[in-house]
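Just so it is clear: chains get the letters A, B, ... in the order the sequence lines come, proteins before strands, and each one is counted from 1.
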Amino acid sequence: MKQLNLFDSIDNDQQDVKKLDESVKNPINQIFIYIVQTETSPHKASPIGLSLSKGKGQNCYIPINHHDTKNIKNALEILKPLFEDKGIVKVGHNVKAIIILLNRFGIKLKGDLQDIQIMSYLIDPNRTSHNLDIIAQNYIQRGIYVNEGIKKMRFDTISVEDVARYACESVDAIRELLPVLKKEISDRGLLKLYQDIEMPLVNILARIESNGIKIDINRLHELSKEMSRMLEELETKIHSLAGQSFNINSPRQLSHILFEVLKLKPVRKTKTGFSTDNDTLSQLSLQHELPAEILNYRSLFKLKGTYLDTLPDYVDKHTGRIHTTLNQTVTATGRLSSSDPNLQNIPIRGEWGSKIRAAFIAEKGFKIISADYSQIELRILAHLSNDEHLIEAFLRDTDIHTSTASLLFKVDKSDVSKEMRRIAKTVNFGVIYGMSPYGLSEALRISTSEAGEYISNYFTLYKGVKDFIDKTIQDARQDGFVTTLFGRKRPIPEINSTNTNTRQQAERMAVNTPIQGSAADLIKIAMIKMDDTLTKHSYKTRMILQIHDELLFEAPEDEVKEMIPLIKKTMETVADLKVPLKVDINHGDSWGDAH
DNA sequence: GCCGTCACG
DNA sequence: ACGTACGTGACGGCA
């Protein structure tokens, strides 16, 4: 492959780095940046080039050769004053990736940041992709150069000239998209959310990812060996119970054993056959010994394959820590998501959950601090609905499920049984999810009519909640979207569908999104405030993860005492709601200990 | 590449 | 008669 000379002009629509460098002397207002990433590496996409534009026809492209970083170092050294000039606005698509790339070369991206990807996300969080080519096609009816290699995100298989053309056309698209998307953001009332929450979060997420989290690889390895032995025993037992050998992980083969060989009664169907999921097997376990063992086997196999054996592969060989990717433009509700690896679904329940969390450890001389919002979604529901009973329960700081049970079963709080509380807890969850009699009946294993009783009973008592749900659905019908506390909007296109199932599903989304989404807004603000405090006072404590209603920190031992009330206070005062926000906070040598 | 399943909030 | 709680990401099986 031909190596491109950095200081050559790439084609007549693109400019070389030297000329662009004149910008350092001739100040400009903004620069546009795009990085080309390839998906060849096993875990992370890695950058292979960077294009930069200061205006129409003034582009350059810098290839990044991982084996020979001399070229990019030279080029970036020239451009460094541009990147670090606080007076120049930096416009990009996925700015977090740019920040992390430049950090690798000792460059800080300073000044106002603008991100096309985040604008597109806020305008329509329902979209599954905010790739630049798709946004460009959609908003400026403009294609970006593609060939087979680019289509497959295999930029290592095509010529540098082709990548350069792709990169420069991409940066052109960013430049043309900026005013179009900015106007959309502003017209839809999303500017504050964009400027005060989402964009300040970009730098913080970059830092959290860079910080990473330490794991005890040896411990995970020991656990894996222990589990292998248990799985072998279970497999033998299962095959003997089935009377034959089969692949337990194949739903199709398992279905054959359960419903044809053992002739158990199927519970429900999937698209492809009879279901063998958790719920089904739990019910079948009443008829036969096998299903319970299958459940046992499945859960162990899952934990081993997804966590014990996989997490060690993600440990970065330079830092010795795991660096997840926190996605800011994925969920429809405003939550973050985590991938490569997903650190937001690390097991917690059961004996093995504790063991696995105990393998997420603090650096020597540090402690893990975990701070989680208590019942944040129900507190938000209380605020949004202004419901009398819900608000009173939280003002008195009573156990919310016990409080609901007391009203639902008309008994004193002190007389609420475990069973009543369990039912009330499920009903409370149901409210947040936009429950139906069927949904509740499945969750509680009761008849739909009985579930319907609970629901109508609940809504008679919690009139504010009932009104909130009705009004939210009504608003969604009228506006076509629902809104969170901080102005995040999610279009609900199917809300007026003539298909009952589709429409009801849309209604559940309409109800759930303001609740889940407002909680997402709140914790994002908490992250910004905490980061601000940590930076201003030069604390060595660092934020290392967000798990929807929980923030994880790694604090030097001598900062822990000071940090705990500080974090609690900061998180509890992010917003002034009709009910107090409550944060539970703990610390320890591991994530397990901090819970 | 889709499906079923299951880990989390 | 139908298929249903909200939001994610990753794994193995199987075409």
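Between A:Arg335 and C:dT8 there is no side-chain N or O to OP1 or OP2 distance below 4.0 Å. Checking the phosphate oxygens (OP1, OP2) of C:dG7, a side-chain nitrogen or oxygen of A:Arg490 falls inside 4.0 Å. The shortest distance between the side-chain N/O atoms of A:Arg349 and the OP1/OP2 oxygens of B:dA7 is not below 4.0 Å. One finds no side-chain N or O of A:Asn327 lying less than 4.0 angstrom from the OP1 or OP2 phosphate oxygen of C:dT8.
Nearest nucleotide to the side chain of A:Met435, out of B:dG9, C:dA5, C:dG9: C:dA5. For A:Thr426, the listed nucleotide lying nearest its side chain is C:dA5; candidates were C:dA5, C:dG3, C:dC6. Out of C:dT8, C:dG3, B:dC8, the shortest distance to the side chain of A:Ser337 is found at C:dT8. Here the side chain of A:Asn512 is nearest to one of B:dC6, C:dG7, B:dC8, namely C:dG7. The side chain of A:Ser436 approaches C:dT4 more closely than any other nucleotide in the set C:dG9, C:dT4, B:dG9. For A:Arg357, the side-chain atoms get nearest to B:dG9 when compared with the rest of B:dG9, C:dG7, C:dA5. For A:Arg508, counting side-chain heavy atoms from C-beta on, the closest listed nucleotide (C:dG7, C:dG9, C:dA5) is C:dA5. The nucleotide whose nearest atom lies closest to any side-chain atom of A:Arg298 is, among C:dG7, B:dT5, C:dC2, B:dT5.
Nucleotides B:dT5 and C:dC2 are separated by 23 Å at their C1' atoms, to the nearest Å. Using atom P as the reference point in both B:dG4 and C:dG3, the two lie 13 Å apart (nearest Å). Taking atom P in both C:dT4 and B:dC3, the straight-line distance is 14 Å, to the nearest Å. Separating the P atom of B:dG1 from that of C:dA5 is a span of 28 Å, rounded to the nearest Å.
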Residue pair A:Ser224, A:Asp309: steps toward the side-chain hydrogen bond (donor to acceptor under 3.5 Å, both in side chains) verdict: CA-CA 7 Å; A:Ser224 172; A:Asp309 294 343; 2.7 Å; yes

Audit row: A:Thr276, A:Ser255, side-chain hydrogen bond (donor to acceptor under 3.5 Å, both in side chains) steps and yes/no: CA-CA 6 Å; A:Thr276 67; A:Ser255 172; over 6 Å; no

A:Met509 and A:Glu494: CA distance, side-chain angles, deciding distance, side chain to side chain contact (heavy atoms under 4.5 Å, CB included) verdict: CA-CA 10 Å; A:Met509 289 176 187; A:Glu494 314 273 36; over 6 Å; no

side-chain hydrogen bond (donor to acceptor under 3.5 Å, both in side chains) assessment of A:Ser129 paired with A:Asn131: CA-CA 6 Å; A:Ser129 163; A:Asn131 289 344; 3.3 Å; yes

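Of the residues in residues 249-279 of chain A, those with a non-hydrogen atom less than 4.0 angstrom from any atom of DNA chain C are A:Asn249, A:Ser250, A:Arg252, A:Gln253.
For the pair A:Tyr297 OH and B:dC6 C1', the computed distance is 15 Å after rounding to whole Å. Straight-line distance from the CG atom of A:Asn501 to the C1' atom of C:dG3: 6 Å, rounded to whole Å. To the nearest angstrom, C1' of C:dT4 lies 18 Å from CD1 of A:Ile432. If you take CG of A:Leu552 and C1' of B:dC8, they are 13 Å apart, rounded to a whole angstrom. At whole-Å resolution of the value, CG in A:Leu308 and P in B:dA7 are 13 Å apart. If you take OH of A:Tyr121 and P of C:dG7, they are 12 Å apart, rounded to a whole angstrom. Rounded to a whole Å, the CE atom of A:Met509 is 12 Å from the P atom of C:dT4. Between the P atom of C:dC6 and the CD atom of A:Glu442 lies a distance of 13 Å, rounded to the nearest Å.
With the nearest nucleotide of DNA chain C identified for both A:Asn247 and A:Pro125, A:Pro125 has the one nearer the 5' end.
Within 4.0 Å of A:Ala519, counting heavy atoms only, lies no atom of the nucleic acid at all. Nucleic acid contact class of A:Ile348 (heavy atoms, under 4.0 Å, all strands): sugar-phosphate only. If you check every strand for non-hydrogen atoms under 4.0 Å, A:Gly434 touches nothing. When heavy atoms are screened at a 4.0 angstrom cut-off, A:Ile515 is found touching no nucleic acid atom at all. At the heavy-atom level, A:Val511 lies nowhere under 4.0 Å from the strands shown. Residue A:Asn342 is classed as a sugar-phosphate contact, given heavy-atom separations below 4.0 Å to backbone atoms only. Nucleic acid contact for A:Thr500: none, since no nucleic acid atom lies under 4.0 Å from a heavy atom of the residue. Within 4.0 Å of A:Ile547, counting heavy atoms only, lie sugar-phosphate atoms of the nucleic acid but no base atom.
Aromatic ring centroids of A:His239 and A:Phe246 lie under 6.0 Å apart.
Heavy atoms of other residues, nucleotides or ligands lying less than 6.0 angstrom from CD of A:Gln244 number more than 12.
Within the structure, ring pair (Phe, Tyr, Trp, His ring centres under 6.0 Å) contacts touching residues 261-308 of chain A (residues at least two apart or in different chains) are A:Phe259-A:Phe274, A:Tyr297-A:Phe301.
Under the 30°/60° scheme for interplanar angles, the aromatic rings of A:Trp591 and A:His595 are found to be tilted.
Side-chain contact between A:Thr310 and A:Pro341 is absent, with no heavy-atom pair separated by less than 4.5 Å.
When all heavy atoms of A:Glu232 and A:Thr236 are compared, the closest pair comes out as O-OG1, 2.9 Å.
Pairing for C:dC11 is with B:dG4, a Watson-Crick or G-U wobble pair whose two hydrogen-bonding atom distances lie under 3.5 Å.
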